[in-house]
Participant: 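The following block contains the structure, expressed as structure tokens.
When a ligand or atom number is given, it counts from 1 through the structure's own listing order.
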Amino acid sequence: MEYNRPEPIQLIHKLRADRSLTKDEWIALIANRTPDLAEYLFSLAREERELYYGRDIYIRGLIEFTNYCRNDCLYCGIRKSNPHAVRYRLTPDAVLSCCRTGYELGFRTFVLQGGEDGYYTDDKLAPLIRHIKELYPDCAITLSVGERSYDSYRLLFDAGADRYLLRHETYNAGHYSRLHPPSLTAAARQKCLWDLRSIGYQVGTGFMVGSPYQTPEHLAEDMLFIKELNPQMVGIGPFISHRRTPFADKESGTLELTLFMLALLRLMLPKVLLPATTALGTIDPCGRELGILAGANVVMPNLSPTEVRKDYLLYDNKICTGDEAAECVSSLKERIESIGCRIVTARGDSLNY
Ligand code: SF4
């Protein structure tokens, strides 16, 4: 008997109706995408976003406060084995000064992002979080400082951290092991995410699109995992190679597939927060606008001190001095308005619970 395969467009309709697909259906949809199908998908993704968030785009002030890292992820420009990385670590006072600037510019979320830097123990991070909260009680604090113990996550939450970003990178354990050193495992990564959820953080996860060795099956597994985790935010961006890493010669991910995955995420979790990431803006000058047109609703301009921005180089050619800089928020506003949306000054909590 001949099996009647659903057309990709039917799968999109099924996704919109059920908010989920089977693994085989995800694979079929991703593998058989076409430009026309993508345009249609983007229009549905915009409708879904507007249903819950209107045309509001939330901004987050990104403070990259340390680029020291004990890990050696094969794709990362600040991996510990890159002796060419110029290392820096902001003092707590410098972080507070970034927050002050950000607050004046209209930011109501500060994202403290760093490598897994042994210097920033709980004893140093918790007081910093408390201090920021005292000064800016109307702001949310997001942490993005990698894998830590349950107790550490708990302590930082109790100190006032509201949200935590930890990309799972790829769900598939075999694929994960080809992107990371043996000391890091997919299972440990995923456990951290479940810990963060159980503590009560608003959790963000995500993955690289087009990372080396990635297949549509891996992406299907990522979608199934995200559906199960049901996070408040999902950050995805194209893999972009860095010349001082073992993946220097690997091809970068594409804008096209990243936008397609973004729109699928919007249909699967319509209330989730979806950033148009810096990596998207790096592979295409209009990448972030295109991300918003595919259903994204968050941008994260850089609030780090100008002199260190060039050193937080996770991948080559990362944009760091143009409109993605927080000082250029007015020009960012114009760009967002040119595509019919508007930047808002608000904490911008996720509606996805
Ligand atoms: S990806 Fe994160 S954990 Fe891995 S080396 Fe880079 S900064 Fe460190």
Participant: Considering heavy atoms of the protein only, find what lies nearest to atom 4 (Fe) of ligand 1 and give residue, atom and distance to 0.1 Å.
Facilitator: Cys73 SG, 2.3 Å
Participant: Quick one: is the NZ or CZ of Arg178 closer than 6.0 Å to the six-membered ring centre of Tyr213, and within 45° of its axis?
Facilitator: yes
Participant: Taking the six-membered ring for Trp, is the centroid-to-centroid distance between Tyr75 and Phe247 below 6.0 Å?
Facilitator: no
Participant: Does Arg148 come within less than 4.0 Å of Asp195, counting only side-chain N to carboxylate O?
Facilitator: no
Participant: If you scan the protein for heavy atoms around atom 2 (Fe) of ligand 1, do you find one that is closer than 4.0 Å?
Facilitator: no
Participant: Where on Cys69 is there a heavy atom closer than 4.0 Å to ligand 1, on the side chain, on the backbone, on both, or on neither?
Facilitator: side chain
Participant: List every atom of ligand 1 that sits less than 4.0 Å from any heavy atom of Ile78, numbering the atoms from 1 in the order shown and giving each element.
Facilitator: 7 (S)
Participant: Suppose we call two aromatic rings close when their centres sit under 6.0 Å apart. Are His13 and Tyr40 close by that rule?
Facilitator: yes
Participant: Ignoring hydrogens and angles, tell me if any N or O in the side chain of His131 forms a donor-acceptor pair with the backbone of Pro127 under 3.5 Å.
Facilitator: no
Participant: Using a 4.0 Å heavy-atom cut-off, say whether Asn67 meets ligand 1 through its side chain, its backbone, both or neither.
Facilitator: neither
Participant: Identify, for atom 6 (Fe) of ligand 1, the protein heavy atom at the shortest distance, and state residue, atom and that distance.
Facilitator: Cys76 SG, 2.3 Å
